[in-house]
Amino acid sequence: MNILFVTSEVHPLIKTGGLADVSRSLPRALHQLGLDIRILLPGYPAVLKQLPKARACCQVISATADGPQARLLQALLPGTEVPVLVLECAALYDRPGSPYQDASGKDWTDNALRFGFLCQVGAWLCGPHSALDWRPDIVHCNDWQSALIPALLHHQEKPATRAVLTIHNLAFQGNFEPQWVTRLGLPMESFHMHGLEFYGQLSFLKSGINYADRITTVSKRYAAEIQTPAFGCGMEGLLQHRSDDLTGIVNGIDEEWNPALDPAIAASFDATHLAAKARNKRALQRECGLTRNPAIMLIGMVTRLTHQKGLDVLLACMEALTQYPVQLVVLGSGEAAIEQRLQHWAHLHPDRVSVTLAFDEALSHRIMAGCDLFLMPSRFEPCGLSQMYAMAYGAPPLVHRTGGLADTVTNCTPKTLADKTATGFSFDELTPEALQTTLLRAIACFEEKKGWRALQRIGMRRDFSWDKAAAQYLAVYRQLVAEA
Ligand code: ADP
């Protein structure tokens with residue numbers, strides 16, 4: 001079976017969040033199951049720089065006469081056997097900044113074209129005029145940046161490729177002025193509420209939800225949540241309408257997140273040799289300028305600093321938190337106001353609070369390895385990967401019970417500890433009081449060394465491999481191909 005996996009980021013070529021991790025691990029796991037899967041992604045400077053030996057495989061024939069000049073390059077995704085098709089188009093992608101925003105944090109003003117073109121090329125590779133002698137049976141779209149493909153296929157004559165859309169985060173929708181409908185090669189007749197239109201705009205994500213043959217999202221709980229007004233971001237009605245075609249498949253984590261083999265950390269450890277974790281904690285305290293105290297609970301956070309991640313609730317607890325026997329290490333970047341408020345606390349308590357405003361892959365590994373508890377009070381969380389990395393690294397997560405966090409973290413109680421299912425701490429209402437109470441519960445547990453060790457080990461022995469998820473995606477693909 002041939003699969004075209006279209007995405008806007010792939011680790012290690014370009015990463016802003018969990019989508020990049022999934023876009024590496026899932027295709028790799030599917031490739032290992034014998035699928036001919038190829039990744040299509042834009043040729044940002046960081047991607048081209050890391051693939052100097054990529055070979056040109058074809059010129060892109062644009063659907064419109066004034067379409068940009070572009071070609072496809074092919075290489076293997078580093079560390080895997082999975083081919084990547086890189087869409088090289090200097091006019092759209094050769095610029096500094098993140099894939100989505102300029103250096104000042106503003107969305108690129110031509111994002112409709114940048115990702116609309118990615119979608120057009122994805123649809124072209126599925127159709128009869130593709131320059132490749134390879135046709136996908138399935139095109140797997142990820143988030144809004146590739147979600148226009150199903151609509152483009154729908155308007156092709158006799159499309160032979162079936163479309164799967166995975167929603168990694170419903171809050172990012174790709175909504176643009178209606179003029180983009182025709183500019184991106186779609187008929188204005190499909191600009192209505194059962195097609196491309198969402199509150200007067202062209203919505204990439206809504207059109208994907210409408211036209212994809214199957215929709216998946218990244219946890220069962222989030223699949224249910226997005227069908228409600230509280231989490232549906234205005235699309236709950238449509239998602240309810242498509243609920244028979246909507247599946248929740250929880251992500252796995254990549255093999256590189258393994259504390260026994262991780263080259264980025266100070267000392268290797270595993271569930272049977274946990275004592276060495278203390279060396280990582282010492283190294284992290286030193287690196288972050290915190291008091292070197294093995295007995296104090298070291299709390300870690302690695303996250304986008306946004307409202308979604310519940311940073312406002314954490315900030316409301318900071319006064320109390322600095323009274324508790326804990327230290328806090330935060331690595332992240334995002335909203336300026338949150339960055340400033342966090343830095344304020346780090347300046348007030350440099351021996352207790354460390355804030356690094358950066359995107360630093362190696363430091364994120366050192367934090368997982370060195371911290372005792374991992375904090376993730378997300379307001380909503382489609383799946384979340386960091387809580388699983390934390391469990392694998394013997395740092396029980398403390399989470400708000402939502403989305404994938406609810407599906408992957410089992411709250412520690414005397415009962416769940418006794419029956420060996422406890423993996424962390426969770427609470428229902430996202431309030432400063434609930435966060436503080438849960439933190440106090442975690443601190444009490446931490447001071448009971450035997451129970452804490454047991455909790456760490458249960459988490460470390462959980463199976464987070466991609467095999468289970470890959471088998472479920474394969475079942476979705478097979479069903480679609482069989483229907484075709
Ligand atoms: P999301 O995709 O919503 O940001 P996830 O938990 O699914 O959240 O994935 C986040 C990924 O991005 C993880 O791999 C995490 O380690 C990584 N990450 C987030 N912020 C940073 C940062 N500042 N430095 C390094 N890695 C980061």
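Every number for a ligand or one of its atoms is a count from 1 in the order of the listing.
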Hey, is [X] one of the residues with a heavy atom under 4.0 angstrom from ligand 1?
| X | value |
| --- | --- |
| Gln387 | no |
| His11 | no |
| Gly332 | yes |

* Which word best sums up how the rings of Phe446 and Trp452 line up, parallel for under 30°, tilted for 30 to 60°, or perpendicular for over 60°? -> perpendicular
* Asked: For the residue pair Tyr473 and Tyr477, does the interplanar ring angle fall in the parallel (under 30°), tilted (30 to 60°) or perpendicular (over 60°) class?
  ->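 Tyr473 vs Tyr477 ring planes: tilted.
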* Dump the intermediate steps for side chain to side chain donor-acceptor pair (under 3.5 Å) on Arg453 and Gln456, then the final yes or no. => CA-CA 5 Å; Arg453 278 269 184 268; Gln456 286 178 296; 3.0 Å; yes
* Can we say Lys309 and Glu381 salt-bridge, meaning some charged N sits less than 4.0 Å from an Asp/Glu carboxylate O? ->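 Looking at Glu381 together with Lys309, the answer is yes, because their closest N to O distance falls below 4.0 Å.
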* Asked: Salt-bridged, Arg379 to Asp312, with N to O below 4.0 Å?
  ->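 Looking at Asp312 together with Arg379, the answer is yes, because their closest N to O distance falls below 4.0 Å.
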What is the nearest protein non-hydrogen atom to [atom], stated with its residue, atom name and distance?
| atom | answer |
| --- | --- |
| atom 24 (N) of ligand 1 | Asp360 N, 3.0 Å |
| atom 15 (C) of ligand 1 | Ser386 OG, 3.7 Å |
| atom 4 (O) of ligand 1 | Arg304 NE, 2.9 Å |
| atom 1 (P) of ligand 1 | Lys309 NZ, 3.5 Å |
| atom 5 (P) of ligand 1 | Leu385 N, 3.7 Å |
| atom 22 (C) of ligand 1 | Phe359 CD1, 3.5 Å |
| atom 17 (C) of ligand 1 | Lys15 CE, 3.8 Å |
| atom 23 (N) of ligand 1 | Ala358 O, 2.7 Å |

* **Of the listed options Val330, Asn169, Val218, Val302, closest to atom 16 (O) of ligand 1 (non-hydrogen atoms)** =>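 Looking at heavy atoms only, the winner is Val302.
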* **Where ligand 1 meets Gly384 - atom numbers and elements under 4.0 angstrom, heavy-atom basis** => 6 (O), 7 (O)
* Go through ligand 1 atom by atom and flag the ones less than 4.0 Å from a non-hydrogen atom of Thr303. =>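 Counting from 1, the qualifying ligand atoms are 20 (N).
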* To do: Taking the side chain as every heavy atom from C-beta outward, state whether Ser23 and Phe5 have any atom pair closer than 4.5 Å.
  => yes
* To do: Please check if any side-chain donor atom of Asp262 sits under 3.5 Å from a side-chain acceptor atom of Tyr393, or the reverse.
  => yes
* Asked: Is the charged tip of Arg95 near the ring of Trp108: under 6.0 Å from the six-membered ring centre and within 45° of its axis?
  ->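 Verdict for Trp108: a cation-pi partner in Arg95.
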* Are Phe176 and Trp144 close enough that their ring centres sit under 6.0 Å apart? -> yes
* Asked: Has ligand 1 got any nitrogen or oxygen that is less than 3.5 angstrom from a nitrogen or oxygen of Met376?
  -> no
* Asked: Would you say Asp21 has any N or O atom under 3.5 Å from an N or O of ligand 1, going by distance alone?
  -> yes
